[in-house]
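Report on one structure; see the data block that follows.
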Amino acid sequence: MQVIMSSSLHSLPWSAQTLVSNFNSPLELKQAHAHLIKTKTPLSLIPPSRIASVCALSHLDFSYAHRLLAHFHQPQIVVWNSCLKTLAESDSPFDAILLFRRLREFDVVPDSFTCAFVLKACTALLDDKNGKIIHGVVEKFGFQWNIVLQNMILNFYGLCGEMSTARLVFDKMPQRDVVSWNVMITHLVKSGDFEGAYGFFSRMPERNVRSWTMMISACVHCGKPKEGVELFMEMEKIGVQVNEVTVVAVLSACADLGALELGMRIHEYSKRSGFGRNVRVLNTLIDMYVKCGCLEEARRVFEEMEERTIVSWSAMIQGLAIHGHAQEALRVFSMMIEMGVMPNGVTFIGLLHACSHMGLVDEGRRFFSCMTRDYGIIPEIEHYGCMVDLYSRAGLLQEAHEFIMNMPIKPNGVVWGALLGGCKVHKNIELAEEATSHLAQLDPLNDGYYIVLSNIYAEAERWEDASRVRKLMKNRGVKKKPGCSSVMVDGVIHEFVAGDDSHSQANEISDMWEKLLDYMKLRGYKPDTSVVLLDVEEKEKEKFLYGHSEKLALCFGLINTPPGSVIRIMKNLRVCEDCHAAFKLISAIVNREIVVRDRNRFHCFKDGACSCQDYW
DNA sequence: CTAGGGTTAG
């Protein structure tokens, strides 16, 4: 029975006041309790919310808390809830589940907040058994009208990988809000169902910034950056206010697409909107400028940053690496260490990448051993891949092979592919065959490996073997991906596929090429027809060679851009030897800088030379 | 009490 209180906390002696209101342990709580009983003071002087939380946090028996709480008039569930909330957010969320069990034993009736906090604990633990129990409680007590709770259940099943259950709950929900749809989209994307996610996105009755942003970043992660940019354009058109998260997502799309103009526009917009100082935005900007071939701009963003994270440093090192500035990448790394920033595994991938692209074998070896010794980072498959690439490119094929054999983890297709690439450059048929035998199992649908092997045979004039590989490729249903290059002119991307002469300016392109060819021949250019795999006449081979997509794109760019401006070309495959030699000469003949982004790095042609120093 | 962001080997 509740006693009508005549006394108050302030009428107690000071020591008792402290005891009653400042207890921090179960012992102090029991002392306070005993004191109140001795002095016949009402128990209600003890703050109820603290009784439960002290009992719970110190793992005291909950029945004591419950006995105490039974003296209070106010609904106890509120007190239990505040305790559940604390536990759910603590580092031992399982205690929240334990407390919930006790609460049920005492026949305390849960409310929707109780369910929410326990569900939060289950979500943190990915505890699907208890999560389902809470789901049952929600249904039993009729909380299905609480949308927030329903959304938490959706999110819970999504995180546990039970998309079909989530789908069932979603379909049964009596009401849905924008969060319900967003939760479904998030988990559909995570489970790899991009189409399903897009379906939900298009059926949503209303969308907010998060819906759009999530869909844009889903596009980027699923290799559809173009669709991501289109969504962004639509967003702008409708007038949805974008935020820094949207900017990060669309900048990643620009990076993948090489869409420099849009990237620059968003950079400007970020500065104006005030989130141009956000570290994540700046990190993404570095990556965007790097991948669009503007190393200068990337450097500037990096240098002007007030605060850098390990991601900023790693992105800059990786950027310098793919642009062939290995020494500078190593200097940036030393600077980072001097400033006391700890590298991570990704930093070392960038460093090893820099070394392998410039043939710094000793430095690479040193970094590989110091990453574990000095920084305690265990090498992963990517690091092993870099090392095999480092040795293979440098012609140390036996060492590369030995390295693979001694790897503590199973080599993957990329590792054997790196060895195969080295075998092509350094003409080692035996090891190439071994690498291919592994690749046939690890990555049988990748056209690149068949092409390289067939190329190696062709160079050694083993035509029968070369055609056997091509037949094998055909039998397995693997098709050679056509080369495709694009060049930006007046803000419009123009795409060229190898051998395509259907372009409206095809004649001008061809005239331009003939003209360049004359100048090139004066400088000693000889077409390198060895890169053409087809078994045809020499003249015919030249025709294929001259139809390479990057050559078409370059001629188109030269015709349609002002003299002196930089031409930026993107290619889906690697540049061939012949195009590489030709572009070096052309850069001197027309006195233009030509930046080519190929499948794995940049080539910056200027004054007759390439930034890769012909080591690729 | 519920949903979204950055660097990664060929």
Side-chain angles (χ1 to χ4, degrees), chain A residues 81 84-85 88-89 112-120 123 146-156 158 177-187 189 208-218 220-221 243-252 255 275 278-288 290-291 309-319 321-322 344-353 356-357 379-390 392-393 412-422 435 439 443 446 448-449 452 574 598-601 616:
Chain A
N81 285 351
L84 283 170
K85 179 177 193 285
E89 288 164 358
S112 62
F113 280 87
T114 318
C115 297
F117 297 136
V118 183
L119 195 56
K120 190 167 185 170
T123 307
N146 182 326
I147 296 188
V148 173
L149 201 46
Q150 290 289 304
N151 290 345
M152 289 179 79
I153 291 171
L154 287 182
N155 188 39
F156 167 79
D177 65 3
V178 66
V179 180
S180 326
W181 290 88
N182 286 354
V183 170
M184 289 304 285
I185 292 172
T186 310
H187 293 293
V189 171
N208 60 14
V209 207
R210 284 196 183 207
S211 328
W212 288 94
T213 307
M214 269 181 351
M215 210 56 231
I216 293 173
S217 88
V220 177
H221 288 129
N243 61 24
E244 54 257 78
V245 187
T246 323
V247 162
V248 167
V250 74
L251 280 175
S252 314
F275 37 75
N278 176 308
V279 197
R280 289 184 191 234
V281 169
L282 291 167
N283 290 343
T284 321
L285 273 170
I286 294 176
D287 186 51
M288 186 277 289
V290 160
K291 293 199 177 134
T309 63
I310 185 59
V311 177
S312 330
W313 291 96
S314 304
M316 194 66 240
I317 289 171
Q318 166 69 11
I322 60 173
N344 65 13
V346 182
T347 321
F348 277 96
I349 292 174
L351 278 175
L352 294 174
H353 200 181
S356 75
H357 277 295
E380 291 176 72
I381 191 76
E382 290 88 347
H383 300 97
Y384 289 102
C386 285
M387 289 307 286
V388 173
D389 188 42
L390 174 73
S392 305
R393 281 176 201 264
N412 62 11
V414 180
V415 170
W416 288 109
L419 179 66
L420 181 64
L439 287 165
D443 197 359
N446 190 320
Y449 301 136
V452 173
R574 289 187 63 177
D598 82 6
R599 193 162 188 75
N600 43 0
R601 62 167 299 153
W616 52 292

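The structure displayed is predicted, hence computed values, not measured ones. The sequence lines fix the lettering, A, B, ..., with proteins before strands; numbering per chain opens at 1.
Side-chain contact annotation: Asp177(A) with Asn151(A), donor-acceptor N/O pair under 3.5 Å present.
Computed from coordinates, the Trp616(A) CH2 to dG10(B) C1' distance equals 14 Å when rounded to whole Å. Distance, Asn155(A) CG to dT2(B) P: 9 Å, rounded to whole Å. Between the CD1 atom of Ile349(A) and the P atom of dG10(B) there is a distance of 10 Å, given to the nearest Å. For the pair Leu154(A) CG and dA3(B) C1', the computed distance is 10 Å after rounding to whole Å.
The side chain of Met214(A) sits closest to dG4(B) out of dT8(B), dT7(B), dG4(B). The side chain of Asn151(A) lies closest to dT2(B), out of dT2(B), dT7(B), dA9(B). Distance from the side chain of Thr186(A) is smallest to dG4(B) among dA9(B), dG4(B), dT7(B). Counting only heavy atoms from C-beta on, Val346(A) has its side chain closest to dT7(B) among dT2(B), dT7(B), dA3(B). The Asn182(A) side chain lies nearest to dA3(B) when the options are dA3(B), dG10(B), dG5(B). Among the nucleotides dG10(B), dC1(B), dG4(B), the one closest to the side chain of Thr213(A) is dG4(B). Candidate nucleotides dC1(B), dA9(B), dA3(B) were compared by shortest atom distance to the side chain of Lys85(A), and dC1(B) ranks first. Ranking dT7(B), dG10(B), dG5(B) by closeness to the Ala315(A) side chain, first place goes to dT7(B). Distance from the side chain of Asp287(A) is smallest to dT8(B) among dG5(B), dG10(B), dT8(B).
Under the rule for a side-chain contact (heavy atoms from CB on, under 4.5 Å), the partners of His353(A) that lie at least two apart in sequence or sit in another chain are Gln318(A), Ala321(A), Ile322(A), Ser356(A), His357(A). Annotation: ring-ring contact (aromatic ring centres under 6.0 Å, His included) contacts of Trp181(A) (sequence neighbours excluded): Phe170(A), Phe200(A).
At the heavy-atom level, Val148(A) lies under 4.0 Å from base atoms of the strands shown. Nucleic acid contact class of Asn81(A) (heavy atoms, under 4.0 Å, all strands): none. The residue Thr284(A) sits close only to the backbone: its heavy atoms come under 4.0 Å of sugar-phosphate atoms, none of a base. Heavy atoms of Arg601(A) sit nowhere under 4.0 angstrom from any nucleic acid atom.
The side chain of Gln318(A) contributes an N or O atom lying less than 4.0 Å from OP1 or OP2 of dA9(B). At dT7(B), none of the side-chain N or O atoms of His353(A) fall inside 4.0 Å of OP1 or OP2 (strictly under the cut-off). Between His357(A) and dG10(B) there is a side-chain polar atom (N or O) within less than 4.0 angstrom of OP1 or OP2.
Applying the 3.5 Å distance criterion, the base of dG5(B) shares no donor-acceptor pair with the side chain of Asn243(A). A donor N or O paired with an acceptor N or O is found under 3.5 Å between the base of dA3(B) and the side-chain atoms of Asn208(A).
Smallest separation of non-hydrogen atoms from Ala88(A) and Phe117(A): CB-O, 3.3 Å.
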